[in-house]
Amino acid sequence: MLDHASVDTQKISPTEELRHRMRHSAAHVMADAVLQLFPEAKMGIGPPTQDGFYYDFEVSRPFTPEDLESIQKLMLESIARSSAFQREELSREDAKARFADQPYKLEIIDGIPDAETLSIYRHGDFIDLCQGPHLESTGQIPAIKLLHVAGAYWRGDEHRPMLQRIYGTAFESQEMLEDHLERLEEAEKRDHRVLGRQLGLFSIHEEIGPGLVVWHPKGGVIRSKLEDYWRDLHFRHGYSIVYSPHIGKAQLWQTSGHLDFYRESMYAPVIVDEQEYYLKPMNCPFHIMIYRSNQHSYRELPLRIAELGTVYRYERSGVLHGLMRVRGFTQDDAHIFCLPEQVEDEIGGVLDLTFELLEAFGFSEYSISLSTRPEKYVGEPEMWEHATESLRKALVDRGLDYDIDDGGGAFYGPKIDIKIKDALGRDWQCTTVQFDFNLPERFDLTYQDSEGGRSRPYMVHRAILGSLERFLGILIEHYAGAFPLWLAPVQAVVIPIADRHLDYAQSVRQQLQDQGFRVEVDSRGERMNLKIRNAQLQKIPYMLVVGDAEIEQGAAAVRLREGTNLGPLPMAEVVQRMKDGLAG
RNA sequence: GCCCCUGUGGCGCAAUGGUAGCGCGGUCGACUUGUAAUCGACAGGUUAGGGGUUCGAGUCCCCUCUGGGGCUCCA
């Protein structure tokens, strides 16, 4: 049930078009099977998706895993019969008569403009209202698999009935289907919630509250290394680093407009000395107060104020997910206040900083979108134009491909969003660079211009990693828990073979520690093999085995977590190798 | 928030309505061992919380909470 034109036909390749068509056909075959098993089912819609397809149904009871098996079995039979798909056009009246017992289909028909031709697709005894196109026959669907069931509101509207959605996928061959299922399994193995527990990185507790994360010592190392790098990078790019409190008076949020427009995402106020204070959902008002605490000359601008600022937002309980969607998180936030003629350079600088930062974590593929002025907006159209143009120019100057989301900007300014592609090819939205024509007005921000008058600065919000919690979640999955040396919580573990090697093991640890490495000695009275296994499971980059031979040579036998055994190396060489490892 | 699923020692799991077990981990002891799991003993649970049905509830019912899959794809 896809409005074919909606699937971004401009960008879709012929093979993708064919795949969509196949999956769309698979959705029909599934609906057919469901109606055979559940004749009373009311059909919703059933389009192809990026990874497969789904179809929504209203049924008297939810589908069970066993139902999925039966449905899939019927689908395979239908595919084996190879029934032809036939298109038929019909009048509105005929369509309504045909779908008289399908209320959702009737609603769809009513929503279609009179000028459009209605069509149905038939295969075997099954008929569905559908624009198409489809394959020639059900026999052209090579490989299918039904995956899971979930509730989904009719038309995505929480005030409408909830239907049962069956997700499935289809591929051009059994092998491709299996590859896809393997990728899903791989993603499951990398799940940051599982690795986070196994590697002792973080936890979330019922006692603390949903969506609130505590970082454990090992996760704390990763996070603090990331933060150190982030700060250093920002200093190098001309930012000032600031700190601000977690709560602020109601008046502040009133002035900023958050209480009027963002309240549903904010926590209820706390009362102190009969004054209301709100937990901050954003850092901007604080950075603005920093700006406002002095008068500014045009000579001082641009001013780049950055903070790893922890904010709290109410997220509906059903959307919370590990580190990816939480209620308390730390933004790598910054606000740039600048002159109109500086805007372009500033945006360019943000982009350069962005790619330098993301590449440090091994990300190199991006998808970028530029969102322009929506219908409802604040500020002067000329400013919007200037800002949008400077965003566009910064992208073009750097030879970056981007999509335009026309009218997709916030009411207060145009923006660039950047998604990164992780090791499994999944997209994650992290970076956002956003003009703000609203807050400078609300807080009456000014600077003394070169003519001696007072002018309003441009203000740009930007976050590169987005939220540290989320970014670390992405990193855990991206690296599958095997962090590069510079981030690894424990960079090397020294493994003495027998108790008599303990003293030497400690001296090896000390030598590396003196060089700034994070090293532990596994001094348990266990066998070497067990210690190696543990170190492997903890994904520790270097395992340094020491026994009689190594003591004699002043060496350590180096095993890498990739599994290679380099044999005994003199300590000086071990140190050098690890230093080289930091760079690469 | 809504729909469905789920909740048993720190973790992963088991237990036809009839005595709560297993593995990992932990502690202790023995072993002193060359590149992914040595052996043994011990400790550890009011089965998420509350209510109900029953002679009897981890198991069935209700409520609350937690976690998970989803809720943009509009023929």
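First the proteins, then the strands, lettered A, B, ... as listed; each starts at 1.
In A:D260, the CG atom is crowded: over 12 heavy atoms of neighbouring residues, nucleotides or ligands sit closer than 6.0 Å.
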### Query
In B/S/- notation, 5' to 3', how is nucleotides 24-30 of chain B contacted by protein heavy atoms closer than 4.0 Å?
-------
### Task
Go along nucleotides 64-70 of chain B 5' to 3' and tag each nucleotide: B for a protein heavy atom under 4.0 Å from its base, S when only backbone or sugar atoms are that close, - otherwise.
-SSSSBB
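When both distances must be under 3.5 Å, the Watson-Crick or G-U wobble mate of B:rG21 is B:rC13. Pairing of B:rC39, defined by two Watson-Crick or G-U wobble distances under 3.5 Å, is identified with B:rG29. Using Watson-Crick or G-U wobble geometry with both donor-acceptor distances under 3.5 Å, B:rU66 finds no partner in any strand shown. B:rG58 makes up no base pair with any nucleotide shown, lacking Watson-Crick or G-U wobble contacts both under 3.5 Å.
Using a 4.0 Å heavy-atom criterion, one finds that A:Y314 contacts the sugar-phosphate atoms exclusively. In this structure, A:A535 reaches neither bases nor backbone, as no heavy-atom distance under 4.0 Å exists between it and the strands shown. If you check every strand for non-hydrogen atoms under 4.0 Å, A:L118 touches a base. Across all strands, A:D499 comes closer than 4.0 Å to base atoms (heavy-atom distances).
For the ring-ring contact (aromatic ring centres under 6.0 Å, His included) test, residues two or more places apart in sequence or in another chain that qualify with A:F38 are A:F63.
Taking the ring centroids of A:H24 and A:H28, they lie under the 6.0 Å cut-off.
A cation-pi arrangement is absent between A:R373 and A:F411 under the rule of less than 6.0 angstrom and at most 45 degrees off the ring axis. Figure legend: A:R23 and A:F53 shown without cation-pi pairing, the cationic atom not lying both under 6.0 angstrom from the six-membered ring centre and within 45 degrees of its axis.
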#### Entry: Verdict with reasoning, A:S203 to A:H216, per side-chain hydrogen bond (donor to acceptor under 3.5 Å, both in side chains)
CA-CA 7 Å; A:S203 56; A:H216 296 205; 2.6 Å; yes
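Heavy-atom nearest nucleotides on RNA chain B were determined for A:G547 and for A:F63, and the one closer to the 5' end corresponds to A:F63.
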